[in-house]
Amino acid sequence: MNVREIASLVGGEVVGDQGAEIVRVAKIEEAGIGDLTFLSNPKYERFLATTRASAVLVSAKLDLEHHRAKSTLTFIRVPDPYVAFLQVLKRLTPTIDPFPTGVHPSAVVDERARIGRNVALGANVVIGKQAVVGDNARLSHGCVIGDGAVIGEDCFFYPNVTLYHQCRVGNRVIIHAGAVIGSDGFGFAPKPDGSYEKIPQLGIVVIEDDVEIGANCTVDRATMGQTTIQRGVKLDNLVHIAHNVTVGEHTVIAAQTGISGSTKIGKNVVIAGQVGLVGHIEIADKTVILAQSGISKSLVDPGKTYFGYPAKEHRRAMRIEAVLRSLPELAQELQELQRKVEDLQKTFEQKTSQRTTTSAG
Amino acid sequence: MNVREIASLVGGEVVGDQGAEIVRVAKIEEAGIGDLTFLSNPKYERFLATTRASAVLVSAKLDLEHHRAKSTLTFIRVPDPYVAFLQVLKRLTPTIDPFPTGVHPSAVVDERARIGRNVALGANVVIGKQAVVGDNARLSHGCVIGDGAVIGEDCFFYPNVTLYHQCRVGNRVIIHAGAVIGSDGFGFAPKPDGSYEKIPQLGIVVIEDDVEIGANCTVDRATMGQTTIQRGVKLDNLVHIAHNVTVGEHTVIAAQTGISGSTKIGKNVVIAGQVGLVGHIEIADKTVILAQSGISKSLVDPGKTYFGYPAKEHRRAMRIEAVLRSLPELAQELQELQRKVEDLQKTFEQKTSQRTTTSAG
Amino acid sequence: MNVREIASLVGGEVVGDQGAEIVRVAKIEEAGIGDLTFLSNPKYERFLATTRASAVLVSAKLDLEHHRAKSTLTFIRVPDPYVAFLQVLKRLTPTIDPFPTGVHPSAVVDERARIGRNVALGANVVIGKQAVVGDNARLSHGCVIGDGAVIGEDCFFYPNVTLYHQCRVGNRVIIHAGAVIGSDGFGFAPKPDGSYEKIPQLGIVVIEDDVEIGANCTVDRATMGQTTIQRGVKLDNLVHIAHNVTVGEHTVIAAQTGISGSTKIGKNVVIAGQVGLVGHIEIADKTVILAQSGISKSLVDPGKTYFGYPAKEHRRAMRIEAVLRSLPELAQELQELQRKVEDLQKTFEQKTSQRTTTSAG
């Protein structure tokens with residue numbers, strides 16, 4: 001593809017050589033002849049002076065005069081350079097389809113299961129009785145689908161995923177290897193002798209459309225009712241979702257975060273890695289929770305950012321942290337001030353007693 | 001079942017309509033006609049005024065006069081409403097048995113393995129040589145049981161569990177999907193050139209009776225001797241237990257907690273989620289460790305509660321946190337006091353020098 | 001083996017009974033007749049007075065006079081007692097080989113895959129098309145090797161490992177059960193309506209020689225290019241490595257730690273458990289990061305130790321923590337000082353006004 005064709009693909013405007021041939025994509029600091037690159041983060045702008053790329057996707061808002069004076073670089077101006085770059089990346093990359101096709105002879109499909117049209121089942125896949133797999137779903141090797149579980153259309157399951165009995169997965173859901181959906185919630189009633197009685201976990205997990213779940217995640221089934229991962233949610237790897245949790249639409253949760261039982265996460269929430277939330281709380285829509293934070297109370301105002309253990313509003317947490325960093329000096333200042341006050345007190349007492357003595361004398 | 005039958009099942013006393021028909025259970029805020037619900041947590045007591053449930057399990061200690069004056073609700077008085085509720089829940093819910101029955105033809109059982117009576121082995125289960133599987137054990141699809149491993153009676157393994165060679169599992173143990181038992185402990189001896197030599201991990205894991213292990217947990221084998229999960233322990237999902245750890249009887253550990261090597265956890269300990277414990281320490285019986293705490297020293301007094309990173313006794317941690325939250329103001333107060341003292345000092349010096357001057361004049 | 005033979009195996013010098021027979025190894029506090037033990041950590045030195053071991057490996061630097069006066073214990077003096085102990089341990093322990101041999105008939109090997117000499121493939125192993133498995137590699141039951149993936153020589157994969165398409169593993173690599181290598185990086189571009197578009201993850205994972213990866217770890221493939229685990233790296237269980245990360249040679253990372261996207265870890269770094277690192281930062285060689293730390297900025301000076309959330313240099317963090325622990329008392333002291341200063345001010349004002357009055361009177 002040449003620059004003109006790429007501009008047409010991404011809806012951009014060329015400033016420079018329209019005919020230059022593009023064969024690859026690359027990072028701006030590594031790009032050479034034949035490479036398309038992009039500038040999105042301003043801190044990389046300095047590379048425009050040195051890059052050897054054949055063309056650069058830039059924001060339509062970027063002032064090019066300055067750069068054009070110093071180089072002969074070809075620019076393609078677009079609304080969002082990164083999104084445009086991804087479009088080109090997809091087009092240029094030879095698509096590798098990592099999923100099996102057809103039903104492998106070693107797949108074990110219960111005769112009471114219902115398998116849609118054009119479904120792919122890899123080697124050693126197991127489909128339980130009364131389970132349903134929707135059209136075009138592709139389940140890679142070693143996946144186990146429990147009795148009565150339902151998978152929608154156009155889903156992709158990577159190897160060794162376990163979907164427990166009765167759980168329901170929507171359309172266009174991607175689940176990465178080793179994830180476990182529908183394991184028992186962690187519920188035990190203490191008995192007088194200190195041992196525990198298992199509380200039966202009789203509910204299910206419902207995963208709605210367009211969700212993606214990372215490798216080795218665990219999503220527990222509800223005690224009663226359902227654990228719900230709403231439409232468009234994205235979970236990174238090793239995330240834990242406890243029983244009866246609801247994760248709202250288009251919420252993204254980074255790796256190793258854990259959500260405790262019955263907590264309700266709003267829509268369009270962003271949760272960073274290794275965050276922990278206690279059970280039975282609610283998180284407002286568009287909340288942002290920064291990495292490793294510990295959330296022990298409901299966060300009711302939408303759109304705020306939190307940080308810390310225990311978490312505080314982000315700016316407040318930053319102010320506290322700033323003082324905390326100089327806490328030893330603060331303690332020392334307090335000590336010095338204590339001495340100063342003591343000295344002052346002594347001198348004062350001395351002087352006034354002197355004065356009294358003097359006056360009396 | 002009607003209310004009288006339910007009261008008889010749970011050993012309760014009916015106050016209200018003994019004949020009301022119960023067909024389902026539900027949460028108090030969602031219950032309707034035909035539903036049984038329960039009141040355990042006092043903060044839900046307000047729902048007694050509005051619930052449409054056909055009967056409510058309540059504590060024998062609850063004062064009903066007040067509520068009976070305001071509604072025609074039927075009550076069943078019991079010692080523990082939640083436990084009674086679970087009994088009814090189990091009775092009313094159609095039992096789904098998610099485990100395979102019999103030995104699937106695709107299961108690979110070494111001829112030197114010993115399989116008990118009435119054992120179920122799902123599709124693609126692998127049983128190694130000299131391994132033992134006890135009577136009535138049911139291993140779901142894709143489980144791998146290593147050479148010489150021993151599984152007791154009445155165990156339930158969900159799909160894709162890996163039990164390494166020589167490890168031993170007691171009776172009535174439940175292991176959820178993807179859990180790995182017996183992987184090598186993390187032991188490497190540094191060599192002079194900066195690389196590491198693997199320390200052979202020659203011990204085993206022993207899991208005693210009535211343990212439940214969550215999805216995708218990892219329990220490492222000992223370097224020598226054994227890593228021990230004692231009777232009645234419950235592990236949530238994604239918990240990590242390192243080599244040579246002992247977890248004492250009836251201890252419960254919530255999701256994503258990690259216990260480092262050779263640490264010894266007492267009995268009836270409660271550890272919340274995302275807690276970390278360093279190696280080679282001991283935790284006293286009945287200790288409670290709150291979420292995300294970091295424990296770097298032995299906790300020797302039984303029955304205490306800890307919180308924080310690094311952890312402190314809970315009340316102490318709360319007092320520190322209370323001050324920490326107003327640390328910026330505290331720093332400001334200190335600054336103001338410093339100014340005040342300086343002013344006072346100046347005024348004092350001025351006055352006394354004036355006085356001296358005056359006296360002298 | 002007798003003591004003389006053991007001394008010869010480990011290159012040590014015997015002080016005591018050369019002919020004593022050794023049949024087992026044991027910890028110093030548990031050892032009995034026939035056992036060899038070792039003393040490495042000085043805090044166990046007191047056990048030399050009571051141990052019933054037939055011989056003890058000790059450092060050549062240990063002063064034996066004192067101990068020989070009090071017991072008839074046999075010593076073997078060596079440069080490093082623990083390393084010597086491991087050598088003996090390996091020799092005395094009957095080696096259990098937990099890996100399958102040969103290619104199991106249930107293994108599914110694509111005809112376009114290339115399998116080396118002397119490869120072992122367990123039951124239900126799946127090898128994708130164009131995949132390569134090197135000589136002497138041994139893949140246990142249920143492992144899935146994606147299309148085009150490459151595994152070097154002498155590798156050991158425990159059961160149920162998933163290696164995604166195109167990823168590359170070097171020689172002598174050990175991967176524990178349930179680990180997932182090559183899952184999609186967590187990349188989504190927000191769309192104006194609040195939903196997300198998946199960013200294709202087109203790169204790979206490269207694992208170099210002599211790496212060991214713990215159970216249920218997840219290592220994501222790069223967006224473009226590669227995620228790299230360099231030579232000699234050791235990952236404990238449940239570690240998460242995000243897309244485009246580089247982990248430098250001979251770095252060790254303890255359980256449940258997570259490294260965010262594009263972060264570059266140096267060589268010979270030591271990262272403890274449950275640590276989190278943000279994306280796009282660099283960690284200098286030989287850095288040590290203590291447990292549960294949160295790293296949000298590059299650490300540029302090699303060889304330093306960090307601790308805390310957010311992390312600080314270790315000594316600094318310890319000084320801050322020391323003050324933090326007495327923060328309530330510090331706040332109280334400040335309050336008392338405030339009262340004192342107020343009193344002083346009042347008295348001063350009173351006195352000077354009195355004096356003025358007196359003077360005036």
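Below, read A as the first sequence line, B as the second, and so on, with proteins coming before strands; counting in each chain starts at 1. In this text the structure is predicted, and so the values were computed from the model without any measurement.
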Are any of the side-chain heavy atoms of A:P98 and C:Q166 separated by less than 4.5 Å? no
Cut-off 4.5 Å, heavy atoms of chain A, and the answer for C:L334 is both
Of the backbone (N, CA, C, O) and the side chain (C-beta and beyond), which part of A:Q274 lies under 4.5 Å from a heavy atom of chain C, both, or neither? side chain
Anything under 30° is parallel, anything over 60° is perpendicular, the rest tilted; go ahead and classify C:Y309 against A:F307. tilted
So what's closer than 4.5 Å to chain C heavy atoms on A:Y82: side chain, backbone, both or neither? side chain
C:R168, CZ: over 12 other non-hydrogen atoms inside 6.0 angstrom: no
Proximal component of C:D184, with respect to chain A [non-hydrogen, under 4.5 Å]: both
Which region of A:F85, side chain (C-beta onward) or backbone (N, CA, C, O), has a non-hydrogen atom less than 4.5 Å from a non-hydrogen atom of chain C, or is it both or neither? side chain
Using non-hydrogen atoms and a 4.5 Å limit, figure out which bit of C:F348 sits close to chain A: side chain, backbone, both or neither. both
Whether A:Q256 side chain and C:L238 backbone form a donor-acceptor pair below 3.5 Å: yes
Which answer fits C:L324, side chain, backbone, both or neither, if we ask what part of it has an atom under 4.5 Å from a heavy atom of chain A? both
For the interface with chain C, which of A:G273, A:G178, A:A255 has the highest count of heavy-atom pairs at distances below 4.5 Å? A:A255
Show your working on side-chain contact (heavy atoms from CB on, under 4.5 Å) between C:R319 and A:E329 and close with a plain yes or no. CA-CA 10 Å; C:R319 275 191 64 198; A:E329 288 69 32; 4.1 Å; yes
Check whether A:Q292 reaches the backbone of C:S293 with its side chain - one donor and one acceptor, N or O, closer than 3.5 Å. yes
As a quick check of understanding, evaluate side-chain contact (heavy atoms from CB on, under 4.5 Å) for A:E212 and C:F188, giving each step before the final call. CA-CA 10 Å; A:E212 181 160 348; C:F188 299 92; 3.5 Å; yes
Per-residue contact mode, A:A291 against chain C (heavy atom under 4.5 angstrom): backbone
With a 4.5 angstrom heavy-atom cut-off, which part of C:N216 approaches chain A: side chain, backbone, both or neither? both
Pick from A:N268, A:I174, A:V252: which one has the most heavy-atom pairs with chain C under 4.5 Å? A:V252
Salt bridge (Lys or Arg N to Asp or Glu O under 4.0 Å) evaluation trace for C:E313 with A:R325: CA-CA 11 Å; C:E313 238 201 288; A:R325 284 188 173 265; over 6 Å; no
Which atoms of A:Q335 are under 4.5 Å from chain C, going by heavy atoms: the side chain, the backbone, both sets, or neither? neither
Please say whether more than 12 non-hydrogen atoms of neighbouring residues, nucleotides or ligands are located less than 6.0 Å from NZ in A:K312. yes
Is there side-chain contact between A:H176 and C:Y164, with at least one heavy-atom pair below 4.5 Å? yes
Between A:I96, A:L327, A:D210, A:V233, which residue shows the highest count of heavy-atom pairs closer than 4.5 Å to chain C? A:L327
Does any heavy atom of chain A fall under 4.5 Å from the side chain of C:S326, the backbone, both, or neither of them? neither
Using heavy-atom distances under 4.5 Å, tell me whether C:I320 contacts chain A through its side chain, its backbone, both, or neither. both
Highest number of heavy-atom pairs under 4.5 Å with chain C among A:L235, A:V83, A:D80 belongs to A:L235
For A:P159, which of C:L163, C:V126, C:V144 qualifies under side chain to side chain contact (heavy atoms under 4.5 Å, CB included)? C:V144
Could you walk me through whether A:K90 and C:E197 satisfy the salt bridge (Lys or Arg N to Asp or Glu O under 4.0 Å) test, starting with their C-alpha distance in whole Å, then the side-chain angles of each, then the deciding distance to 0.1 Å, before giving a yes or no? CA-CA 13 Å; A:K90 272 199 226 177; C:E197 178 163 350; 3.6 Å; yes
